[in-house]
Amino acid sequence: MKLLPIVALLAATAAQAQDAGALINGMYPQLETIYKDLHAHPEIAFQEERTAARLAAEMRKIGFEVTEKVGKTGIVAIYKNGPGPLVLVRTEMDALPMEEKSGLPYASKNGAAHSCGHDVHMTAWLASARTLVALKSQWQGTLMFIGQPAEETVSGAKAMLEDGLFQRFGKPDYAFALHSWPLAYGTIGYNSGPVSSNSDAIEITFKGRGGHGSAPDKALDPITIAARFVVEVQTVISREKDPKEFGVVTIGAINGGTVGNIIPDTVKVRGTIRSYSPAVREKILAGVRRVANASAAMADAPAPDVQLIPGGIAIENNAALVTRTEGVLKKAFGDANVSRMPAMTASEDFSQYVNQGVPGMFFFTGVYDPKAVAEAEHGGKPVAFNHSPYYAPVPEPSIKTAAQAMTLAVMNVMAK
């Protein structure tokens, strides 16, 4: 008798996957038009006016009640379908301030680029919304589809929450988000527990005393202080952090001086800190501050101005929700195409919603030809990673997989 509910569940999952797949296949020509339009007209953080208006208009056509300008440029789309859970599905809308070099016929030419796949996410988000409404006889509850600004600056989720997202529209019972990744299209990756990193920005100004390059004894050189810091700060990672724990300090910019024979007054150092564990994060933050001050003290220089600016907090996937969802995804896509993967070292602000006490799942979907990915893994030509100017997902299979996966994940927690 205990097997009957399981058999019924598996049969229902297979039928839902087939229904969702057929609907998404049927609407794909429209989706591709939307995708190429979004790709060609990217907008950076908190400037997503055109993008938000396009998504809002599409969601109204589907039948959602849409509120715009939540958290500056964000949108919230609500669809009520009887009593049941409130489920949040997030997409990001912003692009990166960089030149696209993909060579695609629909490439951006405005100095910004969807080089992190947010155009794939938005298109799949719309497809999932359409599919769920078409299959509303198979689920009940309320959908909260949000278009979030400024993910790339890890500030959009905070802006929406501070604008009363949960107070105005309700606190979700579950939350889902996906992200394109340089995996083979048709595949899905996920993890239980951490799936992204904490991020903190380093902004340090080392102070000295300017002078002539031929008489360094008459000056106090902040460049040598900064250089000492750049080298020594890595010992926090190699000698203080538990080697089994993830932690990275990267210095990405050093700005000081004008010409070769002048010692400047100041040097600015900028970098990033990444970690998973809160304890490791605190150890690295303390170590960076200590090494910066010690580097200046060794030169008898004034104390530096040290700013360690919090960014994204690591996303923690809910273990029970992951277990509940992975069975559905494996049934739909096959065990070989759905698997657990290590946490990414990049950061995300989807954690802002989850950290409000909402069980969440963040997962990854592939975007590249499986042959190209396999060749890259065996020493062939590397595939372009997220944030590369050459990042170019294969649209149709990437969008279809993401849309179907999200649809099934949502239906699984809202099934009648």
Side-chain angles (χ1 to χ4, degrees), residues 31-45 47-48 51 90-127 147-154 156 177-189 195-197 199 250 252 272 274 312 341-350 362-377 379-403 405-406:
L31 297 175
E32 184 171 287
T33 299
I34 293 169
Y35 169 74
K36 289 181 177 179
D37 178 65
L38 293 170
H39 186 97
H41 299 93
E43 296 170 303
I44 63 174
Q47 296 180 25
E48 310 95 339
T51 304
R90 187 214 68 174
T91 187
E92 325 93 299
M93 303 188 298
D94 60 323
L96 291 155
M98 62 185 291
E99 179 186 359
E100 180 175 354
K101 299 179 181 179
S102 67
L104 294 168
Y106 49 89
S108 165
K109 296 178 176 62
N110 68 2
H114 274 301
S115 299
C116 202
H118 294 185
D119 47 353
V120 173
H121 309 169
M122 287 185 280
T123 309
W125 181 83
L126 288 170
Q148 181 201 301
E151 184 278 326
E152 295 294 357
T153 59
V154 290
L178 59 79
H179 206 293
S180 65
W181 207 243
L183 305 169
Y185 55 64
T187 64
I188 299 168
V195 290
S196 69
S197 72
S199 69
T250 296
T272 185
R274 304 298 171 113
M341 59 183 279
M344 65 175 178
T345 55
S347 300
E348 245 278 0
D349 64 355
F350 181 68
F362 185 95
F363 58 93
F364 302 88
T365 55
V367 296
Y368 285 132
D369 186 319
K371 182 179 178 181
V373 174
E375 289 175 353
E377 290 174 348
K381 180 182 177 181
V383 295
F385 204 78
N386 300 61
H387 289 218
S388 164
Y390 301 100
Y391 191 69
V394 182
E396 185 169 353
S398 302
I399 292 166
K400 286 181 176 180
T401 298
M406 184 59 78

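Computed from a prediction, not measured in an experiment: that's the story for all the values here. By convention here, the first residue in the shown sequence is residue 1.
- A 4.5 Å side-chain heavy-atom check between Tyr185 and Pro370 finds at least one atom pair inside the cut-off.
- Residues Ser102 and Ala392 come closest through the heavy atom pair CB-CB, 4.2 Å.
- A distance of 13.0 Å separates CG of Leu31 from CE of Met122, quoted to the nearest 0.5 Å.
- Distance alone, capped at 3.5 Å, places no donor-acceptor pair between the Ser108 side chain and the His41 backbone.
- Under a cut-off of 6.0 angstrom, the local environment of NZ in Lys109 is crowded, with over 12 non-hydrogen atoms contributed by other residues, nucleotides or ligands.
- Side chain of Thr51 to main chain of Glu48: no donor-acceptor pair is present (N/O by atom type, distance under 3.5 Å, no hydrogens or angles).
- For the residue pair Ala402 and Ala124, the shortest heavy atom distance occurs at CB-CB, 3.6 Å.
- For Val367 against Ser398, the heavy-atom pair with the smallest separation is CA-OG, 3.1 Å.
- Here the side chains of Met93 and Trp125 are not in contact, with every heavy-atom distance at 4.5 Å or above.
- At least one side-chain heavy atom of His179 sits under 4.5 Å from a side-chain heavy atom of His121.
- The two residues Gly312 and Val154 come nearest to each other via the heavy atoms N-CG2, 3.7 Å.
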Assess whether side-chain hydrogen bond (donor to acceptor under 3.5 Å, both in side chains) is satisfied between Ser196 and Ser347, documenting all intermediate values. CA-CA 5 Å; Ser196 69; Ser347 300; over 6 Å; no

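- Note on ring orientation: taking the six-membered ring where Trp is involved, the planes of His118 and His114 are tilted (angle from 30° to 60°).
- Side-chain atoms of Tyr368 come within 3.5 Å of backbone atoms of Ala384 as a donor-acceptor pair (strictly under, hydrogens ignored).
- Side chains of Pro395 and Tyr106 form a contact here, defined as non-hydrogen atoms less than 4.5 Å apart.
- Contact check for Phe385 versus Trp181: side-chain heavy atoms found under the 4.5 Å cut-off.
- Side-chain contact between His387 and Glu152 is present, with at least one heavy-atom pair separated by less than 4.5 Å.
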Apply the test side-chain contact (heavy atoms from CB on, under 4.5 Å) to residues Glu375 and Lys381: give CA-CA distance (whole Å), side-chain angles for both, the deciding distance (0.1 Å), then the verdict. CA-CA 7 Å; Glu375 289 175 353; Lys381 180 182 177 181; over 6 Å; no

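- Contact annotation: the side chain of Glu92 never approaches that of Phe350 to less than 4.5 Å [non-hydrogen atoms, C-beta and beyond].
- Between Tyr391 atom OH and Met98 atom CE the span is 12.0 Å, to the nearest 0.5 Å.
- A pairwise comparison of heavy atoms in Gly189 and Leu183 identifies N-CD1, 4.4 Å as the closest pair.
- Note that CD of Glu151 is 8.5 Å distant from CG of Leu96, once rounded to the nearest 0.5 Å.
- Asn110 contributes a side-chain N or O that, together with a main-chain N or O of Pro42, makes up a donor-acceptor pair within less than 3.5 Å.
- The CD1 atom of Ile34 sits 9.5 Å away from atom CD1 of Ile399, with the distance rounded to the nearest 0.5 Å.
- Taking CG from Leu104 and NE2 from His39, the interatomic distance works out to 5.0 Å, rounded to the nearest 0.5 Å.
- For Ser388, there are no side-chain hydrogen bond (donor to acceptor under 3.5 Å, both in side chains) partners, not counting sequence neighbours.
- Partners of Glu100 according to the salt bridge (charged side-chain N to carboxylate O under 4.0 Å, His left out) rule, which considers only residues two or more places apart in sequence or in another chain, do not exist here.
- Atoms CG and OG1, from Leu178 and Thr365 in turn, are 5.0 Å apart once rounded to the nearest 0.5 Å.
- Side-chain contact between Asp94 and Pro149 is absent, with no heavy atoms from C-beta onward closer than 4.5 Å.
- When all heavy atoms of Ala403 and Ala127 are compared, the closest pair comes out as CB-CB, 3.6 Å.
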